Amino acid sequence: MDRNIFTPEASFTIDELEARFPPRDLPAGACVTRFGPSPTGSMHIGGLYTSLVSRRVAHQSGGLFYLRIEDTDRKREVAGTVELILASLATYGLSPDEGEIADGKEIGQYGPYRQSERKPIYQSCVRWLLEQGHAYPCFASAEELQALRDAQAKHKVPPGYWGTWAIWRDKTAADVDAALAASQPFVIRLRSTGGRDERVTLPDTIRESLEFPANQTDVVLLKADGMPTYHLAHVVDDHFMRTTDVVRGNEWLASYPMHAEMFKLFGWVPPRFAHISPIEKNDGSSRRKLSKRSDPEASVGWYMEAGYPRDAVIEYLLNLIDGRFEDWRAANPGVSNEDFTIELERMNRAGALFDLAKLDSVSRDLVGAMSAGAIYDAALVWASDHASEFATRFGADGAYSQAILDIERHGERPRKDIVKWSDLAPDIGYFFDDTYAGLLPEAQTALAALQPAPPEGMLAAIAAAYDPALDRDQWLEWLRALGLSYGYAANVKAFKAAPDAFRGHFGDLAGALRIVLAARRNTPDLFELMQVLGKDRVVARLGAAAGW
RNA sequence: GGCCUGUUCGUCCAGUGGUUAGGACGCGGCCCUUUCACGGCUGAAACACGGGUUCGAAUCCCGUACGGGUCACCA
């Protein structure tokens, strides 16, 4: 059987492997956790969520977090995914301490960290199981397995390769040799020891303890191509990589008894398990897992492209992990979210529904607390990757861009209008002359439709008299007086008291100026806006508009 | 279908036998105001259902309903 499934290198004894991957030298209580994505095309937000939990649990205990690429299914593998995963983790500050870090480069003594390169390790372990009688070869074809399931359905018996249904479980050596001689493809299966009505109680960090029927399935350990299944790879890797805490989605709950059985047969102490609930979304009247297929926001790339600040995504996720994070954040403004302690025991058992509005709110608050310089730096990094045209404009004059961002940002109650970096281009584009030029048609239409229309000569008069040296109060006084001379009441109250006596009120005048200067009605503070635009732009734009 | 698991405002959480069931996001109103955003005040909004146990149940027990997961040579 060795000839067509085992590689010649698969000759380690268990003791040799134990010596090669010794227990880690870490302080007592330190947790070793991992993220084990399979490289099938994209990075799911759930992977980021799991990584965040795992990494924090490890770091806050003085342990480490490693990355293991679970690429045992060559059919599903999509080139470039590992790079994408690495970039996603790096973007959100979740880079692993150990494992693959960049184009094939690894750090750590417990590798290789790609399962496809660990074949000899898995196979050596399977050899041992074979020797112990805990595993056996199975030559059943896909058709035979299907026939098996059909028969089981007919007999109303649980489907699967178990008990007396496990046709190769008790074949004689002669039968095996004959199949081998005929070069039939085969797999290696676990010889399950679970009893018919046996039940097992297994610990779980989040749910305390769980009771299941014992595993009875002779699950496939080694596939016909010699690669391990997830089940075998998980048990072998988490043992030899010395994982202390497996944090994984609760879709693994059902196979937990099987994994527990394998740890037992190997004679290994299993790690602690924390099965976390997936992030879901509403779908009509029911809820379901976020799916990469139909939900763009399921993909980490979506957040990267939109330019959500790193900590916005992280803090939103921390909120899902533990609702008390929000209170902690309110009580500890400005403190790094790394100082917030995660407790697996407190994690919610039910799946959380993804809420973009909440993410936006978290992000808005976070950006609101950032300095103009910090926003500039982060946004420029984002723009150079995702919006090159904007990056050119935005980066051309850093001082000007930062002055734009600083409008209404330096006081007690900073402006909160930026959610994500991709908001920037449409929101502040008008500060840049070339973008402003493109907006002119809209501005002209808006001004023409404006009620009350600005009177003849007023814009030119404002342009002629604008003095950027005035402070805010002086500027207001000046503009109010000028407006009054053109029939604009100084405030709404005066206007409402005698609506027929005025053309409009000061707000109407400010609205007209906004349209002309910014090509839109909604802008930050007009005084600061004009300050930042500078006298030349203000005069030029007002002057041009006088002739529209 | 079997097995596992879950169910407090629309959403995320708090609540571990006695609370007017609390907060946050979102939504509505009012105020502030040169628009927008901010900020302040305020409103609507929940214990899935049915039985127990108990002086008393969102909280403990049992059922029911409805979700989710899983039953692959995918992870």
Side-chain angles (χ1 to χ4, degrees), chain A residues 36-40 70-73 75-76 115 138 140 142 145 149 153 156-161 185-189 207 210-213 217 219-231 233-234 248-257 275 277-278 280-282 285-289 316 319-327 329-330 346 348-362 364-365 368 408 411-418 427 476 479-480 483 488 490-492 505-515 518 520-527:
Chain A
S38 56
T40 53
E70 311 212 329
D71 56 348
T72 54
D73 186 359
K75 296 182 294 293
R76 296 205 313 157
Q115 292 184 328
C138 165
L145 292 174
R149 280 189 286 272
K156 295 200 193 309
V157 137
Y161 205 89
F186 65 97
V187 300
I188 305 293
R189 287 181 182 272
R207 286 155 228 263
L210 298 157
E211 196 186 307
F212 303 88
T217 302
V219 66
V220 172
L221 265 20
L222 227 47
K223 303 187 263 188
D225 63 0
M227 280 289 203
T229 56
Y230 168 85
H231 310 294
H234 148 57
R248 55 168 22 171
N250 65 7
E251 70 268 21
W252 294 110
L253 232 24
S255 40
Y256 186 15
H275 291 95
S277 299
E280 303 174 331
K281 83 174 276 176
N282 258 338
S285 59
S286 73
R287 37 167 67 194
R288 48 152 240 258
K289 272 170 81 169
Y316 173 65
N319 255 324
L320 295 186
I321 293 168
D322 187 339
R324 294 174 314 169
F325 172 76
E326 203 161 44
D327 298 330
R329 172 43 85 212
R346 285 191 54 92
N348 217 57
R349 293 151 151 88
L353 226 43
F354 196 86
D355 186 355
L356 257 189
K358 180 80 178 187
L359 169 65
D360 282 358
S361 165
V362 168
R364 212 181 344 255
D365 281 343
E408 288 185 87
E412 280 287 291
R413 293 193 327 228
R415 195 172 176 77
K416 294 184 181 173
D417 53 349
I418 303 172
D427 282 0
L476 251 181
L479 194 58
R480 283 210 161 106
Y488 289 93
N491 56 55
V492 181
H505 58 80
F506 187 69
D508 297 321
L509 170 57
L513 286 180
R514 287 190 156 92
I515 290 175
R520 62 198 296 168
R521 294 297 295 266
N522 307 342
T523 80
D525 180 69
L526 188 55
F527 169 73

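Predicted model only: the values in this text are computed from it and were never measured. So you know, we letter chains A, B, ... as the sequences are listed, proteins then strands, and number each from 1.
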Find every protein N or O atom lying less than 3.5 Å from an N or O atom of nucleotides 62-64 of chain B, and list the pairs.
none

Atom pairs under 3.5 Å: protein N/O with N/O of nucleotides 32-34 of chain B:
from: B/U34; atom 1: OP1; to: A/R480; atom 2: NH2; distance (Å): 3.0
from: B/U34; atom 1: O2; to: A/R514; atom 2: NH1; distance (Å): 3.0
from: B/U34; atom 1: O2; to: A/R514; atom 2: NH2; distance (Å): 3.2
from: B/U34; atom 1: O4; to: A/D525; atom 2: OD1; distance (Å): 2.9

Please tabulate, one pair per line, each protein N/O and nucleotide N/O from nucleotides 70-74 of chain B that are separated by under 3.5 Å, including the distance.
from: B/C73; atom 1: O2; to: A/A224; atom 2: N; distance (Å): 2.8
from: B/C74; atom 1: OP2; to: A/K223; atom 2: NZ; distance (Å): 2.9
from: B/C74; atom 1: O2'; to: A/D73; atom 2: OD2; distance (Å): 3.2
from: B/C74; atom 1: O2'; to: A/R76; atom 2: NE; distance (Å): 3.2
from: B/C74; atom 1: O2'; to: A/R76; atom 2: NH2; distance (Å): 3.2

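For the pair A/H231 and A/L221, the minimum side-chain heavy-atom distance is 4.5 Å or more. Residues A/V220 and A/Y161 fail the side-chain proximity criterion, which asks for heavy atoms closer than 4.5 Å.
Contacts of A/R349 classified as salt bridge (charged side-chain N to carboxylate O under 4.0 Å, His left out), with partners at least two apart in sequence or in another chain: none. Not a single side-chain hydrogen bond (donor to acceptor under 3.5 Å, both in side chains) links A/E412 to another residue, sequence neighbours left out. In this structure A/R480 satisfies the side-chain hydrogen bond (donor to acceptor under 3.5 Å, both in side chains) test with no other residue, sequence neighbours excluded. Applying the side-chain hydrogen bond (donor to acceptor under 3.5 Å, both in side chains) rule to A/D355 yields no partners; only residues at least two apart in sequence or on another chain are considered. Applying the salt bridge (charged side-chain N to carboxylate O under 4.0 Å, His left out) criterion to A/D327, with sequence neighbours excluded, gives no partner residue. A/D71 pairs by the salt bridge (charged side-chain N to carboxylate O under 4.0 Å, His left out) definition with nothing, not counting sequence neighbours. Scanning for salt bridge (charged side-chain N to carboxylate O under 4.0 Å, His left out) contacts around A/K156 gives an empty result, with sequence neighbours left out. Evaluation of the side-chain hydrogen bond (donor to acceptor under 3.5 Å, both in side chains) rule for A/H275 yields A/D204, A/R248 as partners, not counting sequence neighbours.
Residue A/E408 contributes atom CD, which lies 11 Å from atom C1' of B/U35 at whole-angstrom precision.
At least one donor-acceptor pair under 3.5 Å links the side chain of A/K223 to the backbone N or O of A/T72.
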Base-contact (B) and sugar-phosphate-only (S) positions in nucleotides 24-30 of chain B, heavy-atom cut-off under 4.0 Å, - elsewhere: BSS----

